[in-house]
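What follows is a set of notes on a single structure, which appears directly below.
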Amino acid sequence: MRTIPLFVLVVSAACSRAVTAPTVVAGPIVGIPADSAYTRAITRGTRTDTGAPGPRYWQQSASYRLSARLDTRAAQLAGEGTVRYHNRSPDTLRRVAVHLLQNLFASGSPKNENVPLTGGLRLERVTVDGRELARGGDGGYDIQGTIGWIPLARALAPGDSVELGFTWGFRVPPGSAPRMGQDGEVFMIAQWYPLVAVYDDVNGWQTDPYLGNGEFYYGYANYDVTLTVPTGWLVAATGELQNPRDVLTDSALSRLERARTDTSVVHVVWRRDAERTRNDADGLLEWRYVARGVRDFAWGTSNRWLWDATRAVVGDANGDGRTDTAAIHTYFRATAASWELSARFAKHSIEFLSRDIWAYPYPHMTAVETTVYGMEYPMLTAIAAVADPQELYTVIAHEIAHMWFPMQIGSDEKRYPWYDEGLASYFETRAARDQFGPAAGEPSTTGFINYLRAAGTNVEVPLMTHADKYPSTAAYVIASYEKPVAIFRALRGVLGDSVFTRAFRDHGAWWRNRHPTPHDLWNAFENASNRSLDWFWRTWFYETWTMDLAISGGRVVGDSLEIEIERRQPAPMPAILLVRREGGREDRVVVPADVWLSGATRHTARVAASPRVLSVELDPDKAFPDLMRGNDRWSP
Ligand SMILES: [Zn+2]
């Protein structure tokens, strides 16, 4: 998700900072806290300390077959469907947990955000292998807020599967709900069906409730979904449309065909088109979609959307040595003027991120204009009618970066919101820099600057905080979105471009469509760099230590220039020195972070005194979030 910028909130909260007296950690800097669940997973052989999954790694799988009918006048959705759940764990399961996310909008459910009340989910029928279950009582299912527990009369053995069936309905909440909603012309439908919770090798069932702020943790599954909406309403969804000839007009079909090969943007459904969809005697159309190996299925529909399409070149996505492409679709109302750029923006985002991370693997990427400011679903993102083109670009790039994190890197977004939001924000800033130039990208981006403003104030809490346990929205935004932009830029500065990129790609190769923890990501960086980086993880993920390295002086001793470096804030970071000499020669000297780890606050670096040194500058690339730039230069 992308939140509406909190610039004002963060700036005013940051006014209380007093970074005067050094508050340096006196003793040695110790490693990261023990994590017994992760250590147990290594012992069991499902994880390793190299960052790769262990030989015994397993994860559950599921196949959903869903159908839904949307009454657009009454804003009522009626759904039914089944999910076949496969137990690939070594454990026998006696019950299954499901997310009933529409219960966020029920008055009795706990929540940490103001949301419209709709009555929540009406669960009309629940079956296990075709046998109906009652609610409550002996052998019945139980609902607590957004979590349902379904008992299994026949325990689910390793290797076995069970079919759960549901019939349900709900009123689609108005506005931007959060993350879904409707305004009568556009319906964004998400969190809309009973979804089996993750049962993983580290923590077992993950059943943290949906309270509004924290996001999701979903397993990978196949979907076959049939959606019934009135004629004239275009549908955009996760997965591939199976019956285009049943629902699209002849002109839309031929324009869509052109968009498959054209590099320009094609108007598939446009202002003067007499018909938006095929007609049908009963006034309803069925749109059928199939998606494989995705974390979720979401969709949107509108009787006002226009439809643009083009294609993006993504590189070799399937490993056959050939260059692949992905279709780009954007849907928006004529009133959303900046959206006429949306297909080009989505194409640029996909192409840039495919180069910067790894090739986009899905058949299409679709952006739809909705009441929601910015929210990601597999192959689909819901974004508001943002007026400013550059702001629209950054939201599109952010949501599209989520197609990697968490859509492919299937992390637990509630426990580790920085894992998907921070990485999406980091790659968003890199994409924006590529599109608009350095002024739009890190380190000049608002995320980097907002972190520096909040650093050392009471707005900051550690990144390793559960998404529903932040003391304020500002604290959540700084830790989950803005500080990670600075952290991942700094990590790239510590490791260099090639090691940083290799570590990410290793992580992707090992964990794509799986469930890594932060340790698996950190281990990939340690493995690729062949270094222990515990000091880095401790500093930036578990603490709110701030950084200020300074050059306090220099003097020539014999044929050396001695440069005095001080650590004036707790964070231990490498000192990267650019030494400029008479005659134009420049040397780079890297003092590793290790010099601080025993608790030292001063270090003397020695370089050759000739040719004569004109100046010495710390962190010349501004890779690190150094709070005091004024003390980073020295000249004799
Ligand atoms: Zn996000």
Subject >> Any side-chain heavy-atom pair of V115 and P173 under 4.5 Å >> reply: no
**OP:** Not counting sequence neighbours, which residues clear salt bridge (Lys or Arg N to Asp or Glu O under 4.0 Å) with D520? List them please.
**Re:** R47
Subject >> Side chain proximity check, W205 to L93, heavy atoms < 4.5 angstrom >> reply: yes
**OP:** Working to the nearest 0.5 Å, report the span between CZ of R292 and OG of S63.
**Re:** 8.5 Å
Original post:
Do H348 and Y393 have ring centres separated by under 6.0 Å?
Top reply: yes
**OP:** Indicate yes or no for a side-chain donor-acceptor contact from T301 to the backbone of L234 under 3.5 Å, with no hydrogens or angles considered.
**Re:** yes
Subject >> Distance-only side-chain donor-acceptor flag, Y223 / Y193, under 3.5 Å >> reply: yes
Subject >> Sequence neighbours excluded, every pair satisfying salt bridge (Lys or Arg N to Asp or Glu O under 4.0 Å) that has a member inside residues 62-78 >> reply: R65-D224
**OP:** Can you spot which of R179, H99, Q102 makes a side chain to side chain donor-acceptor pair (under 3.5 Å) with Y210?
**Re:** R179
**OP:** Could I get the full list of salt bridge (Lys or Arg N to Asp or Glu O under 4.0 Å) partners for E369, not counting sequence neighbours?
**Re:** R333
Subject >> side chain to side chain contact (heavy atoms under 4.5 Å, CB included) partners of R430, counting only residues at least two apart >> reply: F352, D356, Y426, F427, E442, R492
**OP:** If a pair satisfies salt bridge (Lys or Arg N to Asp or Glu O under 4.0 Å) and one of its residues is in residues 105-119, list it, with sequence neighbours excluded.
**Re:** none
**OP:** Give, for atom CG of L227 and atom CZ of F297, the distance between the pair rounded to the nearest 0.5 Å.
**Re:** 5.5 Å
Subject >> salt bridge (Lys or Arg N to Asp or Glu O under 4.0 Å) contacts touching residues 460-474 (sequence neighbours left out) >> reply: E460-K483
Original post:
Would you say R122 has more than 12 foreign heavy atoms packed within less than 6.0 Å of its CZ?
Top reply: yes
Original post:
At what distance, to the nearest 0.5 angstrom, does CG of L121 lie from CG of L104?
Top reply: 12.0 Å
**OP:** Apply side chain to side chain contact (heavy atoms under 4.5 Å, CB included) to the pair F405 and I357, showing each step before the final yes or no.
**Re:** CA-CA 10 Å; F405 317 98; I357 313 175; 3.9 Å; yes
Original post:
Counting distance only, does the side-chain N/O of N87 pair as donor-acceptor with the main-chain N or O of S161 below 3.5 Å?
Top reply: no
Original post:
Got a donor-acceptor contact below 3.5 angstrom from the Q206 side chain to the D208 backbone?
Top reply: yes
Please tabulate, one pair per line, all N/O donor-acceptor pairs under 3.5 Å involving side-chain atoms of residues 416-423, not counting sequence neighbours.
unit_1 : atom_1 : unit_2 : atom_2 : d
Y419   : OH     : H507   : NE2    : 2.8
Y419   : OH     : T517   : O      : 3.4
E421   : OE1    : H398   : NE2    : 3.1
E421   : OE1    : H402   : NE2    : 3.0
E421   : OE2    : M1     : N      : 2.7

**OP:** Kindly indicate, with the supporting measurements, whether the criterion side chain to side chain contact (heavy atoms under 4.5 Å, CB included) is fulfilled by V461 and Y470.
**Re:** CA-CA 8 Å; V461 297; Y470 280 90; 3.3 Å; yes
Original post:
Does T118 reach the main-chain N or O of G120 with its side chain, forming a donor-acceptor pair under 3.5 Å?
Top reply: yes
Original post:
Is the backbone of A298 close enough, under 3.5 Å, to the side chain of T238 for a donor and an acceptor to pair up by distance?
Top reply: yes
**OP:** Using atom types as modelled and distance alone, determine if a side-chain donor or acceptor of S302 lies under 3.5 Å from a backbone N or O of E185.
**Re:** yes
Original post:
If you round to the nearest 0.5 Å, how far is CG of D129 from CG of L152?
Top reply: 8.5 Å
**OP:** Please check if any side-chain donor atom of Y377 sits under 3.5 Å from a side-chain acceptor atom of Q191, or the reverse.
**Re:** yes
Original post:
Looking at W299, W307, W233, which hits ring pair (Phe, Tyr, Trp, His ring centres under 6.0 Å) with Y331?
Top reply: W307
Subject >> Which atom of P194 lies closest to which atom of L100, heavy atoms considered >> reply: CB-CD2, 3.9 Å
**OP:** Mind listing the closest non-hydrogen atom pair of G293 and N513 along with its distance?
**Re:** O-ND2, 3.6 Å
Subject >> Pairs involving residues 381-390, ordered by first then second residue, that meet salt bridge (Lys or Arg N to Asp or Glu O under 4.0 Å) (sequence neighbours left out) >> reply: none
Original post:
Considering all heavy atoms of both residues, which atom of F105 and which atom of P178 are nearest to each other, and what is their separation?
Top reply: CE2-CD, 3.9 Å
**OP:** Using atom types as modelled and distance alone, determine if a side-chain donor or acceptor of H86 lies under 3.5 Å from a backbone N or O of Q60.
**Re:** no
**OP:** Sequence neighbours left out, what passes side chain to side chain contact (heavy atoms under 4.5 Å, CB included) with R95? Give chain and number order.
**Re:** W149
**OP:** List in chain and number order the residues that pass salt bridge (Lys or Arg N to Asp or Glu O under 4.0 Å) with K414, two or more places apart in sequence or in another chain; answer none if no residue qualifies.
**Re:** none
Original post:
Is any side-chain heavy atom of V235 closer than 4.5 Å to a side-chain heavy atom of Y289?
Top reply: yes
Original post:
Any side-chain heavy atom of D296 sitting closer than 4.5 Å to one from M407?
Top reply: no
Original post:
So, do D308 and W339 sit near enough that their side-chain heavy atoms are less than 4.5 Å apart?
Top reply: no
Original post:
Are side-chain heavy atoms of L70 and W192 found at a separation under 4.5 Å?
Top reply: no
Original post:
Any side-chain heavy atom of I487 within less than 4.5 Å of one from F541?
Top reply: yes
**OP:** Let me see the working for I400 and I350 under side chain to side chain contact (heavy atoms under 4.5 Å, CB included), right down to the final yes or no.
**Re:** CA-CA 7 Å; I400 289 182; I350 286 285; 3.5 Å; yes
Anything under 3.5 Å between a donor and an acceptor, one on a side chain of residues 130-143, the other on a protein residue two or more places apart or in another chain? List them.
unit_1 : atom_1 : unit_2 : atom_2 : d
E132   : OE1    : R125   : NH1    : 2.8
D142   : OD2    : Q144   : NE2    : 2.7

**OP:** Determine, stepwise, if the pair R2 / T394 fulfils side chain to side chain contact (heavy atoms under 4.5 Å, CB included).
**Re:** CA-CA 10 Å; R2 194 138 175 318; T394 59; 3.6 Å; yes
Original post:
If you look at every heavy atom in V386 and L392, which pair is closest and at what distance?
Top reply: CG1-N, 3.7 Å
Subject >> Residues which pass salt bridge (Lys or Arg N to Asp or Glu O under 4.0 Å) with R94, listed by chain and number, not counting sequence neighbours >> reply: none
**OP:** With rounding to the nearest 0.5 Å, note down the distance linking CD1 in I409 to CZ in R514.
**Re:** 10.5 Å
Subject >> D282, CG atom: more than 12 neighbouring heavy atoms under 6.0 Å >> reply: yes
Original post:
Which atoms form the tightest heavy-atom contact between Q408 and Y362, and what is the distance?
Top reply: CG-OH, 3.5 Å
Subject >> Shortest non-hydrogen separation from L463 to W540 and the atoms involved >> reply: CD1-O, 3.6 Å
**OP:** Compare all side-chain heavy atoms of E482 with those of V477 and state whether any distance is below 4.5 angstrom.
**Re:** yes
Original post:
Counting only N and O atoms by type, is there a donor-acceptor contact under 3.5 Å from the side chain of N103 to the main-chain atoms of I147?
Top reply: no
Original post:
Do the side chain of T381 and the main chain of M375 share a donor and acceptor less than 3.5 angstrom apart?
Top reply: yes
**OP:** To the nearest 0.5 angstrom, please state how far the CG atom of D201 sits from the OH atom of Y38.
**Re:** 10.0 Å
